There are 2 protein chains.
Amino acid sequence: MTSTERETATEMRPTRQRTAVARALDSFTDFRSAQDIHALLGQRGEKVGLATVYRTLQRMAEAGDVDALRTEDGEALWRRCSATHHHHLVCRSCGAAVEVEGPAVERWTRAIAEEHGFADVSHTLEIFGSCRDCTSASAAGS
Amino acid sequence: MTSTERETATEMRPTRQRTAVARALDSFTDFRSAQDIHALLGQRGEKVGLATVYRTLQRMAEAGDVDALRTEDGEALWRRCSATHHHHLVCRSCGAAVEVEGPAVERWTRAIAEEHGFADVSHTLEIFGSCRDCTSASAAGS
DNA sequence: TTCACTGCAAAACGTTTGCAGAACT
DNA sequence: AGTTCTGCAAACGTTTTGCAGTGAA
């Protein structure tokens with residue numbers, strides 16, 4: 001912890017574009033790519049540049065208003081999230097996500113890290129699976 | 001489980017390039033990018049094309065001989081790994097990694113998923129921190 | 001008036017692919 | 001011979017950036 005701890009929090013102006021991205025995020029609960037969100041805005045007639053979507057998502061993530069995760073092939077997916085620390089149970093097929101909490105896991109990761117002399121610990125944990133709807137859909141398909 | 005379960009396991013020919021990549025992987029225990037590994041081979045005088053490095057790492061990952069993880073900015077990192085299911089405690093600064101097991105976490109993820117009706121469950125879990133060496137180095141630095 | 005924000009197009013990034021030739025079995 | 005593998009360079013898709021212009025305070 002240094003003395004320059006507090007970031008000079010750049011003010012965040014409420015522009016039309018940012019409002020549009022924020023509204024888009026409120027309209028779904030699954031994880032979506034920046035490009036998906038950009039397309040969604042396009043469909044709604046809200047013209048926002050792709051670069052702006054990226055920039056806005058990044059700012060919101062820094063502010064803790066959205067969660068980001070990486071797919072297996074490195075693409076970033078975004079979703080509005082609650083303020084408290086949590087993880088996600090994500091459907092591999094449709095992206096549907098459920099926020100989950102696991103106090104025991106939090107404790108375990110901290111303990112393991114300390115045990116090995118690691119400081120300043122954080123962790124990522126995502127659970128993937130096939131949600132009820134997708135499971136029955138694929139069963140019906142074949 | 002279908003009747004076509006067994007993948008027609010394409011034979012994996014032991015070429016000079018593959019041996020070189022395998023040896024490179026054996027020479028470190030931290031997570032490295034494909035480009036790093038390619039550079040390492042270059043320094044050693046082992047000329048292997050970058051595309052071949054990528055192709056080889058992918059095959060080895062499919063075969064379960066190496067673990068891959070994604071950095072926060074989407075880059076893939078690779079490392080030789082043991083056959084049993086495990087997770088990693090990774091140093092953010094130097095990439096040093098320790099394999100860790102957490103049976104309780106495994107159980108917990110399965111239970112959470114079932115509880116929400118998710119099938120075919122998998123999960124990713126990485127613990128990040130600053131290893132002892134890097135922590136003392138950065139303390140000495142400032 | 002000032003400074004953040006935006007759009008666009010260009011660039012950058014890691015990674016993948018097509019293809020002709022080389023190298024295993 | 002019949003494959004599989006390799007190198008190269010070109011292509012890819014996502015994300016970032018430079019810059020001139022726009023808009024909020």
Side-chain angles (χ1 to χ4, degrees), chain A residues 7-25 30-63 65-79 95, chain B residues 7-25 30-63 65-79 90 95 126:
Chain A
E7 300 287 318
T8 33
T10 327
E11 63 177 303
M12 180 113 157
R13 291 185 180 166
T15 64
R16 174 181 68 77
Q17 290 84 341
R18 283 182 187 173
T19 309
V21 172
R23 276 222 205 87
L25 284 165
D30 49 336
F31 278 91
R32 308 249 179 128
S33 72
Q35 316 238 24
D36 282 349
I37 295 169
H38 177 247
L40 179 62
L41 287 168
Q43 285 169 220
R44 292 193 186 173
E46 304 255 37
K47 278 208 300 287
V48 180
L50 179 57
T52 300
V53 173
Y54 275 106
R55 286 189 276 232
T56 303
L57 287 171
Q58 266 161 203
R59 298 273 174 81
M60 294 183 77
E62 281 162 25
D65 292 330
V66 306
D67 275 358
L69 64 78
R70 292 269 168 191
T71 60
E72 206 152 301
D73 49 284
E75 193 184 19
L77 300 185
W78 313 80
R79 177 191 123 114
Chain B
E7 300 287 319
T8 32
T10 328
E11 64 178 302
M12 179 111 158
R13 290 182 179 169
T15 64
R16 176 183 66 75
Q17 291 84 339
R18 283 179 186 175
T19 310
V21 171
R23 278 223 205 84
L25 284 165
D30 49 337
F31 278 92
R32 307 252 180 125
S33 70
Q35 317 237 21
D36 282 350
I37 295 169
H38 177 247
L40 179 61
L41 288 168
Q43 286 168 219
R44 293 191 185 173
E46 304 254 40
K47 277 208 302 285
V48 180
L50 180 55
T52 300
V53 174
Y54 276 106
R55 287 189 274 234
T56 304
L57 288 171
Q58 265 160 204
R59 298 274 173 82
M60 294 183 77
E62 279 161 26
D65 293 329
V66 306
D67 274 359
L69 65 78
R70 293 267 168 191
T71 61
E72 207 152 302
D73 49 285
E75 195 183 17
L77 299 184
W78 313 79
R79 177 193 124 112
V90 185
E126 318 293 341

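Note that the coordinates shown come from a computational prediction; the quantities given were computed from them, not determined experimentally. Proteins come first, then strands; the chains are lettered A, B, ... in the order of their sequence lines, and each starts at number 1.
Side-chain proximity of B:P14 to the nucleotides C:dT25, D:dG7, D:dA25 is greatest for C:dT25. Of the candidates D:dT4, C:dT6, D:dT16, C:dT6 carries the atom nearest the A:T52 side chain, counting heavy atoms from C-beta on. Closest to the side chain of B:L50, from the set D:dG23, C:dT15, C:dT6, is C:dT15. Closest to the B:Y54 side chain, of the nucleotides C:dT17, C:dT15, D:dT15, is C:dT15. The nucleotide whose nearest atom lies closest to any side-chain atom of B:E75 is, among C:dT6, C:dG14, D:dA25, C:dG14. For A:R55, the listed nucleotide lying nearest its side chain is D:dG18; candidates were D:dG18, C:dG18, D:dT15.
Nearer the 5' end of DNA chain C, as judged by each residue's closest nucleotide, is the contact made by B:Q35, out of B:R16 and B:Q35. Sequence order on DNA chain C of the closest nucleotides to A:V48 and B:A34 puts A:V48 first from the 5' end.
Whole-Å rounding puts the B:H38 NE2 to D:dC8 P distance at 8 Å. Between the CE atom of B:M12 and the C1' atom of D:dT4 there is a distance of 12 Å, given to the nearest Å. Taking atom CZ of B:R70 as the reference point, atom C1' of D:dT15 lies 14 Å away to the nearest angstrom. What separates CE of B:M60 from P of D:dC5 is a distance of 14 Å, to the nearest Å. Rounded to an integer number of Å, the gap from A:E46 CD to C:dG7 C1' is 16 Å. If you measure from atom CG of B:L69 to atom C1' of C:dG14, you get 15 Å, rounded to the nearest angstrom. Between A:E72 atom CD and C:dT16 atom P the separation is 12 Å, expressed in whole Å. Here D:dG23 presents its C1' atom at 9 Å from CD of A:Q17, a figure rounded to the nearest Å.
Under the 4.0 Å criterion applied to side-chain N and carboxylate O atoms, B:R23 and B:E46 are assigned as salt-bridge partners.
No side-chain heavy atom of B:R70 sits less than 4.5 Å from a side-chain heavy atom of A:E72. In this structure, the side chains of B:L69 and B:V90 come closer than 4.5 Å at one or more pairs of heavy atoms.
At least one side-chain nitrogen or oxygen of B:T15 sits closer than 4.0 Å to the OP1 or OP2 atom of D:dT6. At D:dT6, one or more side-chain N or O atoms of B:R18 fall inside 4.0 Å of OP1 or OP2 (strictly under the cut-off). For A:Q58 and D:dT16, the shortest distance from a side-chain N or O to OP1 or OP2 is below 4.0 Å. Between A:R13 and D:dG23 there is no side-chain polar atom (N or O) within less than 4.0 angstrom of OP1 or OP2.
Within the 3.5 Å criterion, the main-chain N or O of A:K47 finds a donor-acceptor partner in the side chain of A:R16. One N or O on the side chain of A:T56 and one on the backbone of A:T52 form a donor-acceptor pair closer than 3.5 Å.
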